[in-house]
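Report on the structure given below.
Chain identifiers are assigned alphabetically (A, B, ...) following the order of the sequence lines, protein sequences preceding nucleic acid strands; residue numbering begins at 1 within each chain.
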Amino acid sequence: MNAFLHALSKKVYQSSSILVLHPQTRARFKRIVVALLDWHEENQRSFIWRDLRRSPYVVLVSEYMLQQTGAKQVEKRLPEFLKQFPSVKALAKATRPEVLRAWYGLGYNRRALNLHAAAKALATKKQFPKTVRELRALPGIGQYTASAILSFAYNEDTPVVDVNIERVLSRLWKKMPDVNAKLPMKAIDQLDAEILPKGRSSAWHEALMDHGSTICTKKAPKCDVCPVNKLCPSRGVGNRIIKNTSSSEKLYFGQPRRIWRGRILQTVSQRDIITAKALAQILISEYDIDDRSFSEFVTDILSVLEREGFVTHTKNGYSLAHG
DNA sequence: ATCCTGTGAG
DNA sequence: CTCACTGGAT
């Protein structure tokens with residue numbers, strides 16, 4: 001494509017400068033950075049992956065686990081996972097059923113398949129990748145995880161924007177009308193790139209995350225104990241009445257589809273092989289289902305699980321798939 | 001815009 | 001009960 005025409009497209013043009021830091025604002029953020037780094041010295045959360053960190057492999061595994069899974073939950077499960085798979089090589093050598101069983105309970109099981117595939121790809125390389133491009137080429141690694149690995153494993157001066165940081169920086173940038181409001185992703189990325197303290201990327205992003213997780217929480221931010229409340233235009237945002245925008249999940253036989261998916265995968269993983277009919281019967285009796293179409297529902301989910309690489313089936317039934 | 005998972009806080 | 005949690009892929 002013609003590079004000039006491409007540059008003229010609205011998106012590219014806007015992305016070059018969505019947000020302008022006036023000198024006054026820059027000075028305000030300088031103070032914010034100092035205050036949050038100080039706060040972090042005293043109040044940072046202690047997690048095993050932070051202690052064991054600087055090992056790219058540990059960062060990699062922890063970041064996969066931390067995608068949409070709470071840090072406290074990860075803290076419980078990471079040690080046993082690392083014990084079972086202590087290195088890229090060990091994880092690459094493991095079978096898919098082994099990895100899936102080790103992952104059980106953490107949720108978003110596709111992450112386990114992705115992590116396993118990523119380990120296999122990494123095992124063929126001489127050294128651990130150190131660029132966003134290489135990292136993003138691995139399955140299950142997007143913009144966030146790639147930059148998080150670079151910042152946390154290598155202390156690289158790259159912006160890292162997760163939901164916590166998105167929320168905290170939005171509130172610090174200007175007065176947000178309600179607790180749900182956020183700046184566009186591009187703007188946050190640019191803001192973080194401009195204010196992040198060089199050489200302290202890891203501590204800075206940990207500070208933002210810990211602050212967002214313990215003080216600048218989404219629903220009820222604790223502005224009274226916030227170390228940067230005097231520098232924050234959104235101070236007190238939590239006191240406003242918020243309308244509920246989120247819609248509830250659709251239920252199938254009393255539960256969201258994803259819950260049945262989890263139960264089905266778990267049931268398959270607990271035996272070597274099982275027929276679709278037997279599987280449905282187990283769930284019907286265990287959860288007191290009263291609907292003839294449930295078996296169809298189970299079959300449907302099984303075929304999706306097969307398509308996605310979790311299970312395989314022969315004429316004798318379903319079992320966990322080997323890579 | 002939706003789907004994927006399970007746990008815990010409030 | 002509702003919602004948040006260090007997202008990614010489609």
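On the nucleic acid side, DNA chain B has its first and last nucleotide under 4.0 Å of a heavy atom of chain A at dC4(B) to dG8(B), going 5' to 3'.
Sorted by residue number, the list of members of residues 296-313 of chain A with any non-hydrogen atom under 4.0 Å from DNA chain C is empty. Contacts between residues 72-81 of chain A and DNA chain B, counted as heavy-atom distances below 4.0 Å, involve Q73(A), K76(A). Remark: nothing in residues 264-272 of chain A comes within less than 4.0 Å of DNA chain C through any heavy atom.
At the phosphate of dG8(C), neither OP1 nor OP2 sits under 4.0 Å from any side-chain N or O atom of N114(A). When the side-chain nitrogen and oxygen atoms of Q68(A) are compared with OP1 and OP2 of dG7(C), one or more of them lie within a distance under 4.0 Å. Note on S213(A): every side-chain N or O is 4.0 Å or more away from OP1 and OP2 of dC5(C).
If you check every strand for non-hydrogen atoms under 4.0 Å, R258(A) touches a base. Across all strands shown, I141(A) has heavy atoms under 4.0 Å from sugar-phosphate atoms exclusively, and none from any base.
Not counting sequence neighbours, Y57(A) has no partner by the ring-ring contact (aromatic ring centres under 6.0 Å, His included) test. Under the rule for a ring-ring contact (aromatic ring centres under 6.0 Å, His included), Y104(A) has no partner lying at least two apart in sequence or in another chain. Listed by chain and residue number, W39(A) satisfy the ring-ring contact (aromatic ring centres under 6.0 Å, His included) test with H211(A) (two or more places apart in sequence, or in another chain). Applying the ring-ring contact (aromatic ring centres under 6.0 Å, His included) rule to Y318(A) yields the partners H313(A); only residues at least two apart in sequence or on another chain are considered. A search for salt bridge (charged side-chain N to carboxylate O under 4.0 Å, His left out) contacts involving E41(A) returns R200(A), not counting sequence neighbours.
Salt bridge E308(A)/R261(A): present, at least one basic N to carboxylate O contact under 4.0 Å. One finds a salt bridge joining R77(A) and E80(A) here, because a Lys/Arg side-chain nitrogen approaches an Asp/Glu carboxylate oxygen to under 4.0 Å.
Between A148(A) and L138(A), it is A148(A) whose nearest contact on DNA chain C lies nearer the 5' terminus. Residue whose closest nucleotide on DNA chain B sits further toward the 5' end, between K222(A) and G107(A): G107(A).
Distance L115(A) CG to dA9(C) P: 13 Å, rounded to the nearest Å. We find that CD of E166(A) is positioned 13 Å from P of dA4(C), with the value rounded to whole Å. To the nearest angstrom, C1' of dG7(C) lies 11 Å from CD of E63(A). Here the P atom of nucleotide dC5(C) and the CG atom of D162(A) are 9 Å apart, to the nearest Å. Look at CG on L135(A): it is 15 Å from C1' on dG8(C), rounded to the nearest Å.
The cationic atom of R258(A) (NZ for Lys, CZ for Arg) does not lie both less than 6.0 Å from the six-membered ring centre of Y108(A) and within 45° of the ring axis.
If you take atom P in dT5(B) and the same atom in dT10(C), they sit 14 Å apart, rounded to whole Å.
Applying the ring-ring contact (aromatic ring centres under 6.0 Å, His included) definition to pairs two or more places apart or across chains, none involves residues 173-197 of chain A. Pairs engaging residues 283-302 of chain A under the salt bridge (Lys or Arg N to Asp or Glu O under 4.0 Å) rule: R257(A)-D300(A) [sequence neighbours left out]. For the salt bridge (Lys or Arg N to Asp or Glu O under 4.0 Å) condition, no pair includes a residue of residues 152-164 of chain A, sequence neighbours left out.
Checked against a 6.0 Å centroid threshold, the rings of W103(A) and Y64(A) do not count as neighbours.
A single hydrophobic cluster is seen to contain both L302(A) and L320(A), as judged by linkage of ILVMFWY side chains at heavy-atom distances under 4.5 Å, directly or through other members.
In this structure, T145(A) OG1 and L138(A) CG are separated by 10.5 Å, a value rounded to the nearest 0.5 Å.
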